[in-house]
Amino acid sequence: MNDTPALLENRTYDELSVGDTASLVRTLNKDDIALFAILSGDVNPAHLDEAYARDTPFHKVIAHGMWGGTLISTVLGTKLPGPGTIYVGQTLQFLRPVGLGDRITVTVTVKTKEANNRVRLECLCTNQLGKPVITGEAEVLAPLTKVSRPASSLPEVHLHRHERFDQLMSLVGAHAPLRCAVVWPDDEHTLTAALECAQAGLLAPVLVGHGERIRALAAQLQLGLDGCEIEEAPGPAAAAHHAIALAREGDVLAVMQGALPVGTLMHAVMDHGYGLRTHRRVSHAYIADVPAYPRPFIVTDAAINIQPTLEDKRDIVQNAIDLARTLGLSEPRVAILSAAETVHSTLSSSMDAAALCKMLERHQIAGGIVDGPLSLDAAINERIARLKHPQSPVAGQANVLVVPNLETGDMLVKQLSLLADADVAGIVLGTRVPIILTNPADSPRTRLASAALALLLHDADGRLSTEHPIT
């Protein structure tokens, strides 16, 4: 609750009387604590970690009590005496803990009026049970000039949390590192990515490339190669084929793209005789964690299939469903995206959507719920979904977004990453071993999340993920 008045009007020194009082009521929530930590720089776990705070109630009093102290300043500056008030001094006693969900009433009362427009005010903060949590006294210089004006509009603050990254990391916490071929780690980005994943205990890198150049680059970047193996390859294409051979022989259990084009790597992966193809179409999936959106979702395919056919899309959908189930979603909701809300013969994406829904009915797709054609807004926004598709089991709550083609998907993913501050991790599906594609723009969180996805996919029975789904 925000009790700051729409019209700010002060009480001048001459207008104040002993016994005058003003108050406001606020409820402490997670955003309040996070904002307090951001502004103060105080990241004490007693303040930010609920479990730790529960075990250390004394620290909880101090940490969250200071939040209550700021509310006293709010009353003094906006209500009594109001605009123009100058703080001189403040004493506070913290009597009880203030915790998440506590409803705090802050009251200030004029205690004495002194010379030179000095005023002393009694300060009291009580919780929802009426028990005092903070008491004290404030000394201020009361304003001498009358002020009456509309309150200024404050900028909106959006806290971007990446809690689902922590959830994903928790799924692989007890798992042994995955032996992974890193193809041509010939630049800072890819070598750093591989070593970050190794340091996090996710991957055991096998660096496939020019050994002397790799060692020189590591020395230049002051990076240690302890625990890394190096497999010699004269060039990027040769490194890709060697890495695929290692995967086919079972010497490595995953492959990571290094400083070579995606096409060069995927050409080796897709080789009919010596690649890593399976019976299913190879596709790519991005896992997007958008801070302002209530659930993570998969975007597919935005990296490999340029203009997928209907048969390709069937495999793309099935690959995505299997990935979602690996992440703990027992029945993923799949939205087949199109610019049309209904089926039109002139818009192939809407025709494909209708056919994919029929494939689900005929058990050509299994393990999820599929609906389409759906526009992007109807797929992810519950209000719009109720207006456009009130009977849809997918609209407004999609876990998987199937885009019409690579171009559409690429633009969507970049918009999510650059404009919505999303973490976007990616993985190649439909291959014998997980394949991680990298991008120089990837954040450290994205790199680690992509490696964690590879680790989860390697766990064939999914026991790591189904107990604690990413929500």
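- Contact detail for Ser392 and Asp371: the closest heavy-atom pair is OG-OD2, 2.6 Å.
- Here the closest non-hydrogen pair linking Leu416 and Ala288 is CD1-CB, 4.0 Å.
- A donor atom on one side chain and an acceptor atom on the other are found under 3.5 Å apart for His242 and Glu231.
- A salt bridge links Arg179 with Asp251; the closest basic N to acidic carboxylate O contact falls under 4.0 Å.
- Under the 3.5 Å distance criterion, the side-chain polar atoms of Thr278 are matched with a main-chain donor or acceptor of Gly430.
- Between Arg432 and Glu249 there is no salt bridge, since no side-chain N of the basic residue sits under 4.0 Å from a carboxylate O of the acidic one.
- Other residues, nucleotides and ligands contribute more than 12 heavy atoms inside 6.0 Å of the CD atom of Gln128.
- Using a 4.0 Å cut-off between charged side-chain N and carboxylate O, Lys358 and Glu361 make a salt bridge.
- A side chain to side chain donor-acceptor pair (under 3.5 Å) with Ser283 is found for exactly one of Thr300, Asn319, Asn305, namely Asn319.
- Nearest approach of Tyr286 to Ala303, heavy atoms of both residues: OH-CB, 4.4 Å.
- Side-chain N or O atoms of Asn399 include one that pairs as donor or acceptor with a backbone N or O of Arg333 at under 3.5 Å.
- When each of Leu448, Leu455, Thr192 is checked for a side-chain contact (heavy atoms from CB on, under 4.5 Å) with Cys197, only Leu448 meets the rule.
- A donor-acceptor contact shorter than 3.5 Å is absent between the side chain of Glu229 and the backbone of Pro205.
- Applying the side-chain contact (heavy atoms from CB on, under 4.5 Å) test between Val269 and each of Val428, Ile304, Thr264, Leu276 identifies Leu276 as the sole match.
- Between Arg280 and Asp322 a salt bridge is recorded (basic side-chain N to carboxylate O distance below 4.0 Å).
- The environment of CD1 in Ile306 is sparse: at most 12 heavy-atom neighbours from other residues, nucleotides or ligands sit within 6.0 Å.
- Within 6.0 Å of atom CD in Glu188, 12 or fewer heavy atoms from other residues, nucleotides or ligands are found, so the atom counts as exposed in its surroundings.
- Between the side chain of Ser450 and the backbone N or O of Gly426 there is at least one donor-acceptor pair closer than 3.5 Å.
- When all heavy atoms of Leu457 and Pro434 are compared, the pair lying nearest together is CB-CG, 3.9 Å.
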Intermediate values then yes/no, salt bridge (Lys or Arg N to Asp or Glu O under 4.0 Å), Arg213 and Glu232: CA-CA 11 Å; Arg213 286 164 58 173; Glu232 289 288 343; over 6 Å; no

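- Using a distance-only test at 3.5 Å, with no hydrogens or angles considered, no donor-acceptor pair links the side chain of Asp410 to the main chain of Glu407.
- Taking every heavy atom of both residues into account, Pro390 and Arg386 meet most closely at CB-O, 3.5 Å.
- With salt bridges taken as basic N to acidic carboxylate O contacts below 4.0 Å, one links Asp377 and Lys388.
- Thr438 contributes a side-chain N or O that, together with a main-chain N or O of Gln257, makes up a donor-acceptor pair within less than 3.5 Å.
- We find that Arg281 and Asp312 are joined by a salt bridge, their nearest charged nitrogen and carboxylate oxygen being less than 4.0 Å apart.
- Minimum heavy-atom separation, Val290 to Ala420: CG1-CB, 3.9 Å.
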